[in-house]
Amino acid sequence: MNLKAELNQKQYIAASTIDGPLLIIAGAGSGKTRVITFRIAHMLEMGIPQSQILALTFTNKAAREMAERVRELTGKKLPQLTVSTFHAFGVKVLRDTISSIGYKDNFSIYDTVDQISLLKESAREIRFDMEDENPQNILGIFSRIKTKRGDWDEVTSYYQGLYASYQRHLKLYNAVDFDDLIMLPIHILDTHPEILNRYTERYRYIMVDEFQDTSMGQYRFMKLLADGSRNICVVGDDDQSIYSWRGANYENIISFERDYPELKEVKLEQNYRSTETILEAANTLIANNTNRKGKQLWTGTKSMNKIEIAYPANERDEAQFIAEQIKGIHMRDSIKFGEFGVLIRTNTLSRAIEELFLMENIPYKMSGGTSFYQRKEIKDMICYMRILANPEDDVSLLRILNVPRRGIGARTLEQLRSLADMHDWSLHTAIQAAVYATDSPFSERAKTDLRSFLQLIEAFRPKILSPRKIASTLKELTDAIDYWEYLLQEHPKDEKIPTWKWRNIEIFIQSIEDYEKNPDNMNPSLFNYLNRISLTTKDEPDDDEGKVNLMTIHSAKGLEHEVVFLAGVESHIIPHARAIEDDPANIEEERRLFYVAITRAKQRLIMTSCRSRKVLREEMECLPSPFLEELPQHLLQETEAAADVEAAEATDYFQLLRKKLGGV
DNA sequence: GGAAGCGTACTTTTT
DNA sequence: GTACGCTTCC
């Protein structure tokens with residue numbers, strides 16, 4: 001491997017500097033992934049054992065891609081190389097060490113939906129009134145407390161008791177939430193020097209991708225691991241920091257410079273992705289942000305196309321326009337469907353577009369959004385699996401206790417809950433007591449129903465825990481509970497729905513089977529499988545090369561496409577009205593978001609801004625995004641959105657628009 | 001006491 | 001479109 005021939009001079013320095021702290025500022029499209037993969041390959045070539053290398057990323061997609069590229073480059077399987085997201089690495093650490101803080105290693109991981117159920121349970125027990133409360137808000141407060149981003153204040157103190165209850169229940173259910181995946185490992189490493197030592201001895205070379213998106217917790221986690229060797233390389237771009245709402249703190253770049261004063265810094269500014277037009281637009285836009293490290297991207301790629309903007313009448317016409325453009329460009333310029341990206345600010349904007357893609361037979365895939373695993377029928381299956389893995393997991397138990405209907409209703413549940421609350425038991429323990437205790441106050445009928453539920457769990461638990469028996473046991477379980485009959489019963493009007501849902505379950509079971517049969521999988525246990533799917537939002541593998549990529553701007557980060565459509569470029573969507581409401585200073589993050597969207601495009605960028613859009617049933621007038629005014633107008637070109645607009649209406653509109661854009 | 005049926009309020013971004 | 005809560009039915 002000849003690094004010098006493969007990389008430009010800056011890239012070469014970044015890839016060949018492997019000892020000591022290194023800060024790489026990598027602009028959009030500057031070949032960052034290439035540098036990282038070459039850097040790892042170079043380390044391996046220098047004789048560093050793969051087990052000593054740890055690469056941390058932010059998303060599963062990035063992790064998967066990085067691992068794949070290193071394998072391709074080296075032609076080796078590298079089973080001991082660790083490339084993972086922060087959260088997945090947290091799980092790995094917890095699996096090995098969580099017993100040191102009194103949890104069991106079969107812990108469940110709660111996603112947002114589970115967290116809300118847990119919150120409601122916690123509130124119920126301490127008789128906290130949840131009327132007029134927004135669970136998401138409360139969870140936001142809890143998250144800030146847990147990750148030490150904030151402290152209790154006059155407003156939030158009100159929830160302190162609820163937080164204590166929430167935490168107590170997590171532990172009682174042997175469960176952790178997403179924040180725990182970062183904070184608990186930190187706690188363990190902080191308080192157990194011998195465990196910390198084990199990790200710092202093992203991982204001698206650490207790399208962190210998308211560093212601008214790391215939270216304070218993730219930074220501490222990284223620092224704990226890295227302080228043994230101080231061979232720590234972080235790669236980031238402050239202009240692409242778009243996760244501050246989740247605690248990302250791009251000031252970590254400053255902390256890094258402070259904590260590792262001996263660091264070397266490399267700035268990658270040559271862009272290999274986009275045309276001059278697109279880069280000039282992006283540079284001009286982002287220069288409006290005040291809080292940034294200066295950076296100017298440049299490229300040698302000449303432009304053929306201006307940035308296009310169309311103003312469709314409504315979201316239907318917008319979808320129509322995008323579909324037609326894609327078809328046209330696909331045919332005329334023979335650009336594969338897989339080279340198109342359609343970017344949206346919010347998941348809800350996908351609906352109209354998806355509908356038209358289906359109608360026009362345009363193959364597409366939507367990444368992000370409600371994941372496969374969040375679908376009701378799949379979530380039911382997962383909760384059964386979680387109960388089998390961890391019977392104390394009340395959140396999962398509550399979900400499936402009466403699914404399918406087995407006669408356990410509100411009254412029985414209430415009795416169970418008071419029994420559990422009284423003794424600080426999980427519901428599972430309470431059920432056992434209800435069934436087997438001699439002085440049980442439960443009705444004979446309730447006891448019979450509960451007993452058969454317990455027997456079901458007891459029968460299937462050893463089965464599903466035996467090696468490579470997850471898929472087959474789950475199949476058996478769905479038959480035993482007659483889930484098909486349940487689906488029919490729940491949807492009596494339309495047999496299409498049960499058929500569709502049953503099909504999803506079959507797909508799910510098949511994917512488990514694939515997981516179990518994969519020879520590269522050293523330890524395909526139920527726990528590992530559950531942990532894995534808790535951390536991935538996506539449907540199973542996305543090897544569909546020939547499909548248009550429809551996704552949110554957030555999930556588009558790190559990707560690139562020949563032709564990029566940016567839909568819904570309207571004043572309340574980007575910048576999002578809600579974000580600005582929260583804090584007007586959020587405009588800078590929204591601008592970065594727009595910047596990320598623009599810089600995904602290699603050849604062509606086509607934006608659409610609807611004149612009206614249906615929001616929650618109601619038709620709403622829309623104005624173009626103010627960010628459009630910030631782009632150099634000579635780079636823009638208006639494209640007629642073919643639509644049945646009345647001419648007069650259109651003229652009025654364009655006058656309004658010119659006024660707005662021209663400031664006259 | 002449990003199941004089924006109807007009305008209402010909410011969708012910013014994700015591990 | 002959907003998920004939850006409240007009411008009525010069996």
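Below, read A as the first sequence line, B as the second, and so on, with proteins coming before strands; counting in each chain starts at 1. It should be emphasised that the depicted structure is a prediction, and the values quoted were computed from it without experimental measurement.
Aromatic rings of A/Tyr110 and A/Tyr173 (six-membered ring for Trp) have centroids beyond the 6.0 Å cut-off, not under it.
Straight-line distance from the NZ atom of A/Lys614 to the P atom of C/dG1: 11 Å, rounded to whole Å. Atom-to-atom, CG of A/Asn347 to P of B/dT15 comes out at 11 Å; the value is rounded to the nearest Å. Between A/Gln240 atom CD and B/dT13 atom C1' the separation is 15 Å, expressed in whole Å. If you measure from atom CD of A/Gln136 to atom P of B/dT14, you get 13 Å, rounded to the nearest angstrom. Here B/dT12 presents its C1' atom at 11 Å from OH of A/Tyr243, a figure rounded to the nearest Å. In this structure, CG of A/Asn402 is placed 8 Å from P of B/dG2, rounded to the nearest angstrom. The interatomic distance linking A/His491 (NE2) with B/dA4 (C1') rounds to 13 Å, in whole Å. The distance between atom CG of A/Leu593 and atom P of B/dT13, rounded to the nearest whole Å, is 11 Å.
Not a single donor-acceptor pair under 3.5 Å links the side chain of A/Arg375 to the backbone N or O of A/Ile505.
Not one side-chain nitrogen or oxygen of A/Arg246 sits closer than 4.0 Å to the OP1 or OP2 atom of B/dT14. Taking only side-chain nitrogens and oxygens, A/Arg578 never comes nearer than 4.0 Å to OP1 or OP2 of B/dT13.
Nucleic acid contact for A/Ala410: sugar-phosphate only, since backbone atoms but no base atoms lie under 4.0 Å from a heavy atom of the residue. Here A/Phe58 lies in heavy-atom contact (under 4.0 Å) with sugar-phosphate atoms only.
Pairing of B/dC10, defined by two Watson-Crick or G-U wobble distances under 3.5 Å, is not identified with any nucleotide. C/dG1 is unpaired under the Watson-Crick or G-U wobble criterion, no partner having all donor-acceptor distances under 3.5 Å.
Residue whose closest nucleotide on DNA chain B sits further toward the 5' end, between A/Gly409 and A/Ser534: A/Gly409.
Judged by ring centres under 5.5 Å apart and planes tilted less than 30 degrees, A/Trp245 fails to stack against the six-membered base ring of B/dT12.
Using cut-offs of 30° and 60° on the angle between ring planes, the pair A/Phe86 and A/Phe221 is tilted.
The base of B/dT15 is paired with the side chain of A/His87 by a donor and an acceptor separated by under 3.5 Å. Residue-to-nucleotide contacts include a donor-acceptor pair under 3.5 Å from the side chain of A/Arg345 to the base of B/dT13.
Exactly one of A/Glu318, A/Glu621, A/Glu619 qualifies for a salt bridge (charged side-chain N to carboxylate O under 4.0 Å, His left out) with A/Arg613. That residue is A/Glu318.
Residues A/Asp380 and A/Lys501 are not paired through a salt bridge, judged by the lack of any N-O separation under 4.0 Å between the basic side chain and the carboxylate.
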